[in-house]
Amino acid sequence: MSRSRRDFLAKGSLTLMAAALAAKNAPAQTPTPGAPPAFGTAPPVGPAVSVETFKDAQKLVQIEMTPHDLAQAAGNWQQAMAPVYERRTGPRKLAIEETISPATVWNPTLPGKTTGPATNHFIPSTPTTQPLPTNEVDIAFAPVSHLSHWIKTRQITSERLTKIYLDRLQRYNKQLNCVITLTSDHALKQARQADSEIAAGKYRGPLHGIPWGAKDLLDTANIPTTYGAEFYRDRIPAEDATVTTRLNEAGAVLVAKLSLGALALNDIWFGGQTMNPWLLEEGASGSSAGPGAAVAAGLVGFAIGSETQGSIVSPSMRCGVSGLRPTFGRVPRTGAMTLSWTCDKLGVMARGVEDTVFVLQAISGPDGHDVACVPSKLSFDASRLASKADFSKLRVGYIPAWMKDAPATDVDRAALETLKNLGFTTVEVSLPDWPYDSLNIILFAEAAAAFEELTLNHKVDELKAQVPDAWPNTFRQSRFLSAVDFVQADRLRRKVALEMERVFAEVDLLLVPSLRDEFLVITNFTGQPSLTVRAGFVEVSEARSDWAPDPAKPLPKFSPARRVPHGVTLVGRLFEEGTVAEVGMVLETAFHVAAERPKGFA
């Protein structure tokens, strides 16, 4: 830098600081009648800033200002921008209750478009003719569709089934670390009530008497709901979440609050790490780690998970279960922990595709509290796709490059060939090469806002995971994201939604590799539903992790390689979960891999 430029900056900064001091000490001016208010004329507040402050800040938001711009910005920051932080810094501090949602609501349906089926249409598969197994392990691993029939026909009581699952939860949790709270007394009370009602002819439907587990961010009245975080481990809500209430009304039996990565990230919580039943040397993936592990190991009939970006898809794939992530806005989130108001979704994890639709039917629809939840219809017919003639009517899109490159595997490519061999019409589609990860500005900002107080008072420092890619660091970093870039990311979101609208004008659904980053980012921000289903097995020579590599803690290696399940994902049009599930059931049958169980739990 030349001497003259350095002198200019120094003198300019001193002059502006002197002007600011003078303004601070000047007597209050009586406003001229009729003069409008002007920006940058508030009383100066906050710490003094300099040109050097802004020069360093430029690096955080990756912009470059001229020396004149820097001097001008520093000169009236205390009058122009610092006052807008009063809500947080005072003197009129204002706490915002957890129940208050942002005024801006994401609506995935584009203006002028209608989405989803026009009417409700629900026809399940024909009830099983298989009699109740004599082996309790076979009972525990049965899909909900079978359990439901056996309970309805009174071949087994809900109380006996509940005791089977409670026993397995107690026995295997030592290996999996998937249970935060076992709800034995509550469960047995619900089970006995279900048996009494069924005996009296008051059958409520396919979930009546079925034991389930809740990811421990779903409120349960008088039962701890901890979010997997140290500072919430004694939190006991007074009311049930809406989804909890609806499952109670359906007659389901809550047997356990299941683990999640702390504040819904990955698979480490205050009690340790939740492990994969298929490979106990690795985590179950997250953040719906407990639901994935418990369903895979036959410890619950089904589980409720949640997803903001991969938290149902990833553990469903790793643990080899069926995971249905509904359309954003179908299932109310009232009473569930908020991470991102515009991305959070509650969904279902089960051992069978049809099971997920049974549960979705029970938990869908507005509750009058979740401002993002909208009316929707569900059209599902388990027998609609009965022949190749029916299959050919559906166009399944895929992105060729995604199927060739990692993380796609031979299982993903075989799944595509299976669709072709079954007679489905497969269509190559494409998406623009855009910076989709820029959308995460929205996620990071919303998450940091949701846990602002815990970040500012350093409570997040108590979380077990304190690595650079864990929430504590992300929440702190997010304080320095640009608000302007947030708005631009929001506009990019709409632009991406328009692209997805174009793609779904060409196809009825998409087949994608489950852990393709663009898929997870795009569809979670646009709100498309997805179904992850076990499609085969792969061999791994090293444990997998959701966390960034840490040279100080290398992952276990295996020789010979270990055989583990691998899933593919179907993505549907908005509110067309029924179509996704129908195709998922066809693939589930064709793959012939859903029945295999993890060794040591069967």
Side-chain angles (χ1 to χ4, degrees), residues 62 102 104-116 306-314 325-330 339-345 347 372-374 376 395-403 405 407-408 427-447 449 478 481-532 569-577 579-580:
Q62 299 182 51
T104 303
V105 178
W106 169 248
N107 181 357
T109 302
L110 295 172
K113 303 289 184 179
T114 56
T115 55
S306 71
E307 174 153 328
T308 304
Q309 193 173 121
S311 289
I312 288 175
V313 171
S314 187
R325 184 193 75 202
T327 303
F328 178 83
R330 180 185 277 279
L339 183 66
S340 167
W341 288 273
T342 67
C343 287
D344 291 349
K345 295 160 285 286
C373 193
V374 298
S376 60
R395 300 162 298 167
V396 183
Y398 68 97
I399 297 175
W402 289 12
M403 302 304 290
D405 303 331
V427 181
E428 292 187 8
V429 298
S430 63
L431 284 168
D433 185 19
W434 290 347
Y436 297 106
D437 279 350
S438 294
L439 293 170
N440 280 326
I441 290 175
I442 298 170
L443 166 58
F444 295 156
E446 289 186 350
S478 296
L481 290 171
S482 159
V484 175
D485 286 317
F486 178 95
V487 175
Q488 296 297 60
D490 204 32
R491 297 177 69 205
L492 174 61
R493 185 180 201 170
R494 182 62 71 196
K495 189 174 176 69
V496 173
L498 288 166
E499 280 298 309
M500 291 300 285
E501 177 77 15
R502 175 189 60 78
V503 168
F504 278 103
E506 301 173 18
V507 298
D508 298 295
L509 64 165
L510 293 171
L511 176 75
V512 299
S514 296
L515 298 183
R516 183 79 189 194
D517 181 65
E518 295 96 327
F519 147 65
L520 292 172
V521 174
I522 291 169
T523 60
N524 271 292
F525 276 99
T526 60
Q528 256 78 27
S530 76
L531 173 70
T532 301
T569 296
L570 296 169
V571 183
R573 290 183 178 133
L574 298 172
F575 300 103
E576 293 193 10
E577 288 87 346
T579 300
V580 174

(request) Just do the side-chain contact (heavy atoms from CB on, under 4.5 Å) check on V580 and S530 with the steps written out, would you? (result) CA-CA 7 Å; V580 174; S530 76; over 6 Å; no

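- Across all non-hydrogen atoms, the minimal contact from P513 to A408 is CG-CB, 3.8 Å.
- For W106 against F328, the heavy-atom pair with the smallest separation is O-CE2, 3.2 Å.
- No donor-acceptor contact under 3.5 angstrom links the side chains of T569 and R325, judged on distance only.
- How far OH of Y398 is from CE of M403: 8.5 Å, rounded to the nearest 0.5 Å.
- Without hydrogens or angle criteria, R395 side chain to E506 main chain gives a donor-acceptor distance under 3.5 Å.
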(request) Applying side-chain contact (heavy atoms from CB on, under 4.5 Å), run through F525 and L492 and close with a yes or a no. (result) CA-CA 10 Å; F525 276 99; L492 174 61; over 6 Å; no

Under 3.5 Å, sequence neighbours excluded: what are the donor-acceptor pairs made by side chains of residues 430-445?
{"residue": "Y436", "atom": "OH", "partner": "P432", "partner atom": "O", "Å": "2.6"}
{"residue": "S438", "atom": "OG", "partner": "P435", "partner atom": "O", "Å": "3.2"}
{"residue": "N440", "atom": "OD1", "partner": "Q309", "partner atom": "NE2", "Å": "2.8"}

(message) Checking E501 against T526 for the side-chain contact (heavy atoms from CB on, under 4.5 Å) test, could you report, in this order, the C-alpha distance in whole Å, the side-chain angles of both residues, the deciding distance, and whether it holds?
(response) CA-CA 10 Å; E501 177 77 15; T526 60; over 6 Å; no

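- Residue S306 holds its OG atom at 8.5 Å from CG of L339, rounded to the nearest 0.5 Å.
- To the nearest 0.5 angstrom, E576 atom CD is 7.5 Å from D508 atom CG.
- In this structure, the side chain of E446 engages the main chain of W341 through a donor-acceptor pair within 3.5 Å.
- Summarising the geometry of F519 relative to V571, their closest heavy-atom pair is CE1-CG2, 3.4 Å, with the distance given to 0.1 Å.
- The shortest side-chain heavy-atom distance between V374 and F575 falls under the 4.5 Å cut-off.
- In terms of modelled atom types and a separation under 3.5 Å, the side chain of E307 and the main chain of I312 share a donor-acceptor contact.
- Side-chain N or O atoms of T327 include none that pairs as donor or acceptor with a backbone N or O of R330 at under 3.5 Å.
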(message) One pair to check against side chain to side chain donor-acceptor pair (under 3.5 Å): Q528 and T523. What are the steps and the verdict?
(response) CA-CA 5 Å; Q528 256 78 27; T523 60; over 6 Å; no

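- Taking the side chain to side chain donor-acceptor pair (under 3.5 Å) definition, one finds that D344 meets it with T308, sequence neighbours left out.
- The side-chain heavy atoms of E577 and L531, taken from C-beta on, include no pair separated by under 4.5 Å.
- Nearest heavy-atom pair, R494 versus N107, reported as atom, atom and distance to 0.1 Å: NH1-O, 3.5 Å.
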(request) For side-chain contact (heavy atoms from CB on, under 4.5 Å), just list the numbers for F504 and L510, CA-CA rounded to whole Å, side-chain angles, deciding distance to a tenth of an Å, and then say yes or no. (result) CA-CA 8 Å; F504 278 103; L510 293 171; 4.0 Å; yes

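- Heavy-atom minimum distance, R493 versus C343: NH2-SG, 3.7 Å.
- Every residue meeting the side chain to side chain donor-acceptor pair (under 3.5 Å) condition with S311, not counting sequence neighbours, appears here in chain and number order: S287.
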